Amino acid sequence: MATGHEEAAAQAPNAGDYIVHHLTHLNSTGHKQASIIDFSVINVDTLFYSVTLGLITVFVLWLAARKATSGVPGRFQAAVEFLVEMVADQAKGIIHSEESRKYVAPLALTVFVWVFLMNAMDFLPLDMLPNLWQAITGDHHAYMRVVPTADLNATLGMSIGVLLLCIYYNVKIKGVGGWVHELFTAPFGSHPVLYPINFAMQLIEFAAKTISHGMRLFGNMYAGELVFMLIALMGAAWSANGTGVALWVGHILAGSIWAIFHILIVVLQAFIFMMLTLVYIGQAHEGH
């Protein structure tokens, strides 16, 4: 007759079930998103964490501005000033319009801090917030993902926002007529035969920049989240059978090394997303 421990082990999810569960969103419909584009599904967890971290970003930057002094800055003010100067220098080198930089530079700073905070959610213990949510709901199978940038919907949403800003600055700097003229005459020249080809190339360029902008961030954060799950499974395998010291050692070493390496990824991906935002908006200021 099977013991209670054996029965619990038999009912426990396997590695595949564990990963699939952690990669499933808490959404508005209760079922998985069936296709890449499905506007009937809202990932509630992504929306909650992205909006919450966005509000924290605004609050932190507002707090830094409110407490800024002309004297010797504290650590918090010094850190924020370092970020502000770094972003301002990058914006100055890419966007030559001083008037545009008054809006774009603060936007880029907000984007950097926001994306960094969303990426940094990957540093939390993998099961901490999902288990807390399951305890609150009383449903031990409740879904919850806590890294918004590991959701393609979120990253593409942000990149589409950048696309809209690019369109806005194209119209603002060049005028409607000037931008439409550029759409049909660049890059191959102003000739009626080339108008359709030029327009198609322009559409492809906008689409490629937008999709790659969102996919790059998503791909890196999704892969990082998946690696953390695999490392967590090493520890789970060791704790389940109580043997195999190599699993425990591998879990600790792999988790520590990957966490240290992931710090670089988290910061770098936030920086890259911010820089591409500046580059794309800067391109909107230039004529072909």
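Worth knowing before you read on, the calculation uses all heavy atoms, side chains too, and leaves out hydrogens, waters and symmetry mates. As the structure is a prediction and not an experimental result, all values here were calculated from the model. Residues: numbered from 1 along the sequence shown.
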Side chain to side chain donor-acceptor pair (under 3.5 Å) partners of [X], counting only residues at least two apart:
| X | value |
| --- | --- |
| Q134 | none |
| E225 | R145 |
| N131 | none |
| S100 | S97, H285 |

Straight-line distance of [X] [atom1] to [Y] [atom2], nearest 0.5 Å:
| X | Y | atom1 | atom2 | value |
| --- | --- | --- | --- | --- |
| K209 | I204 | NZ | CD1 | 13.0 Å |
| L47 | N27 | CG | CG | 12.0 Å |
| L268 | H262 | CG | NE2 | 11.5 Å |
| I272 | H213 | CD1 | NE2 | 9.5 Å |
| F188 | Y195 | CZ | OH | 15.0 Å |
| I281 | N170 | CD1 | CG | 10.5 Å |

Run the side-chain donor-acceptor check on residues 149-165: report pairs under 3.5 Å with partners two or more places apart or on a different chain.
residue	atom	partner	partner atom	Å
T149	OG1	N119	OD1	2.7
D151	OD1	N153	N	3.1
D151	OD1	N153	ND2	2.8
D151	OD2	N43	ND2	2.9
D151	OD2	T46	OG1	2.8
T155	OG1	L152	O	3.2
T155	OG1	G214	O	3.1
S159	OG	T155	O	3.4
S159	OG	L156	O	2.9
S159	OG	T210	O	3.1

Side-chain contact, heavy-atom cut-off 4.5 Å: [X] with [Y]?
| X | Y | result |
| --- | --- | --- |
| V113 | V60 | no |
| F123 | I263 | yes |
| I56 | L53 | yes |

Same cluster or not: are [X] and [Y] linked, directly or through other Ile, Leu, Val, Met, Phe, Trp or Tyr residues, by side-chain heavy atoms under 4.5 angstrom apart?
| X | Y | answer |
| --- | --- | --- |
| F206 | V279 | no |
| L203 | Y280 | no |
| M144 | M221 | yes |
| F261 | F228 | yes |
| Y18 | Y222 | yes |

Main chain of [Y], side chain of [X]: is a donor-acceptor contact present, judged purely on distance under 3.5 Å?
| X | Y | value |
| --- | --- | --- |
| Q90 | M275 | no |
| N198 | G189 | yes |
| H191 | V193 | yes |

For [X] against [Y], the heavy-atom pair lying closest together:
| X | Y | answer |
| --- | --- | --- |
| P148 | M118 | CB-SD, 3.6 Å |
| V115 | A270 | CG1-CA, 3.7 Å |
| A120 | V266 | N-CG1, 3.9 Å |
| K174 | Q283 | NZ-O, 4.3 Å |
| A78 | P73 | N-CB, 4.1 Å |
| S190 | H181 | OG-NE2, 4.4 Å |

Which class fits the ring pair Y143 and H21: parallel under 30°, tilted 30 to 60°, perpendicular over 60°? tilted

*Any idea how F112 and F116 line up, ring-wise: parallel (<30°), tilted (30 to 60°), or perpendicular (>60°)?*
parallel

For residues 103-115, the side-chain hydrogen bond (donor to acceptor under 3.5 Å, both in side chains) pairs (sequence neighbours left out) are none

Residues pairing under side-chain hydrogen bond (donor to acceptor under 3.5 Å, both in side chains) where one sits in residues 49-65, two or more places apart or in two chains, turn out to be none

Under 6.0 Å from the [atom1] atom of [X], do we count more than 12 heavy atoms belonging to anything else shown?
| X | atom1 | answer |
| --- | --- | --- |
| W133 | CH2 | no |
| I42 | CD1 | no |
| F76 | CZ | yes |

Residue pairs passing the salt bridge (charged side-chain N to carboxylate O under 4.0 Å, His left out) test with at least one member in residues 91-110, sequence neighbours excluded, are E99-K102

Run the side chain to side chain contact (heavy atoms under 4.5 Å, CB included) test against [X] and tell me which residues pass, sequence neighbours left out.
| X | result |
| --- | --- |
| V58 | none |
| V176 | V171, V180 |
| L132 | L129, I136 |
| L55 | V51 |

